[in-house]
S.K.: 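Pasting a structure here, questions to come.
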Amino acid sequence: MYPKFILVSDPKKPLTGTFVYGLVWNHRDLVRGYVKVHGGGWYEKDDEKKTLTLYGESGDYGSPNLSFLNRIPRELESYTFFYTPIHGLPGNELDLTNVEWF
């Protein structure tokens, strides 16, 4: 299994994207219910440094549209998020100022 993530929105809230992540074989394994997927990729979580680096793209849904990164599980609230299109390159820190933690 692999560390993957997707960004999804409920049809009732089409502009609100929720970060869904987990260890799965395929990105589509993260989808539950009727949602719109706004891309995805892989993640690398460092619990010691409290960082979460998002990278790459989903083979099922394409590159993540990070403008839909507005809801993140509360267990990640103390983490700093980074994004890089290619694993191993330095990532850019993501602005999570307006994120809803749930």
S.K.: Spell out, as yes or no, whether a donor-acceptor pair under 3.5 Å connects the side chain of Lys36 to the backbone of Pro11.
M.R.: no
S.K.: Going by the rule salt bridge (Lys or Arg N to Asp or Glu O under 4.0 Å), which residues pair with Glu77 if we only count those two or more places apart in sequence or in a different chain?
M.R.: Arg74
S.K.: For this output row, return yes or no: ring centroids of Phe5 and Trp42 closer than 6.0 angstrom.
M.R.: no
S.K.: In sequence, state the C-alpha distance, the side-chain angles, and the governing distance for Phe81 and Glu93, and then conclude on side chain to side chain contact (heavy atoms under 4.5 Å, CB included).
M.R.: CA-CA 6 Å; Phe81 279 60; Glu93 185 174 345; over 6 Å; no
S.K.: Between Pro64 and Gly40, which heavy-atom pair has the shortest distance, and what is it?
M.R.: CD-O, 3.1 Å
S.K.: For a quick test of reading the model, state the closest non-hydrogen atom pair linking Leu52 to Leu76 and the distance between them.
M.R.: CD2-CD1, 4.2 Å
S.K.: Asp47 and Lys45: which non-hydrogen atoms are nearest, and at how many Å?
M.R.: OD1-CE, 3.0 Å
S.K.: Does Leu23 belong to the same Ile/Leu/Val/Met/Phe/Trp/Tyr cluster as Leu54, with side-chain heavy atoms less than 4.5 Å apart forming each link?
M.R.: yes
S.K.: Kindly write out the residues that satisfy side chain to side chain donor-acceptor pair (under 3.5 Å) with Asp10, not counting sequence neighbours, or none if the list is empty.
M.R.: none
S.K.: Which heavy-atom pair separates Leu66 from Leu94 by the least distance, and what is that distance?
M.R.: CD1-CD2, 4.0 Å
S.K.: Give a yes or no answer on whether the side chain of Asp60 reaches the backbone of His27 with a donor-acceptor pair at less than 3.5 Å.
M.R.: yes
S.K.: Side-chain heavy atoms under 4.5 angstrom apart, residues restricted to Ile, Leu, Val, Met, Phe, Trp, Tyr: same cluster for Tyr2 and Leu30?
M.R.: no
S.K.: CD1 of Ile86: more than 12 outside heavy atoms within 6.0 angstrom?
M.R.: no
S.K.: Would you name the heavy atoms of Asp46 and Tyr79 that are closest together and state the gap between them?
M.R.: O-CE2, 3.8 Å
S.K.: What's the separation between atom CG in Asn26 and atom CD1 in Ile6, rounded to the nearest 0.5 Å?
M.R.: 11.5 Å
S.K.: Should Leu7 and Phe82 be regarded as members of a common hydrophobic cluster, given that ILVMFWY residues are connected when their side-chain heavy atoms come within less than 4.5 Å of each other, either directly or indirectly?
M.R.: no
S.K.: Do you know which two heavy atoms are closest between Ser9 and Thr16, and how far apart they sit?
M.R.: CB-O, 3.1 Å
S.K.: Would a 4.5 Å heavy-atom cut-off, applied to side chains only, mark Arg71 and Phe19 as touching?
M.R.: no
S.K.: Would you mind reporting whether Asp29 and Met1 have side-chain heavy atoms less than 4.5 Å apart?
M.R.: no
S.K.: Would Leu96 and Phe68 show up in the same hydrophobic cluster when neighbours are defined by side-chain heavy atoms closer than 4.5 Å?
M.R.: no
S.K.: Does anything in residues 83-102 form a ring pair (Phe, Tyr, Trp, His ring centres under 6.0 Å)? List the pairs, not counting sequence neighbours.
M.R.: Tyr55-His87
S.K.: Report yes if some heavy atom in the side chain of Tyr61 is under 4.5 Å from a heavy atom in the side chain of Val31; otherwise report no.
M.R.: yes
S.K.: Are the side chains of Thr18 and Lys13 in contact, using a 4.5 Å heavy-atom criterion?
M.R.: no
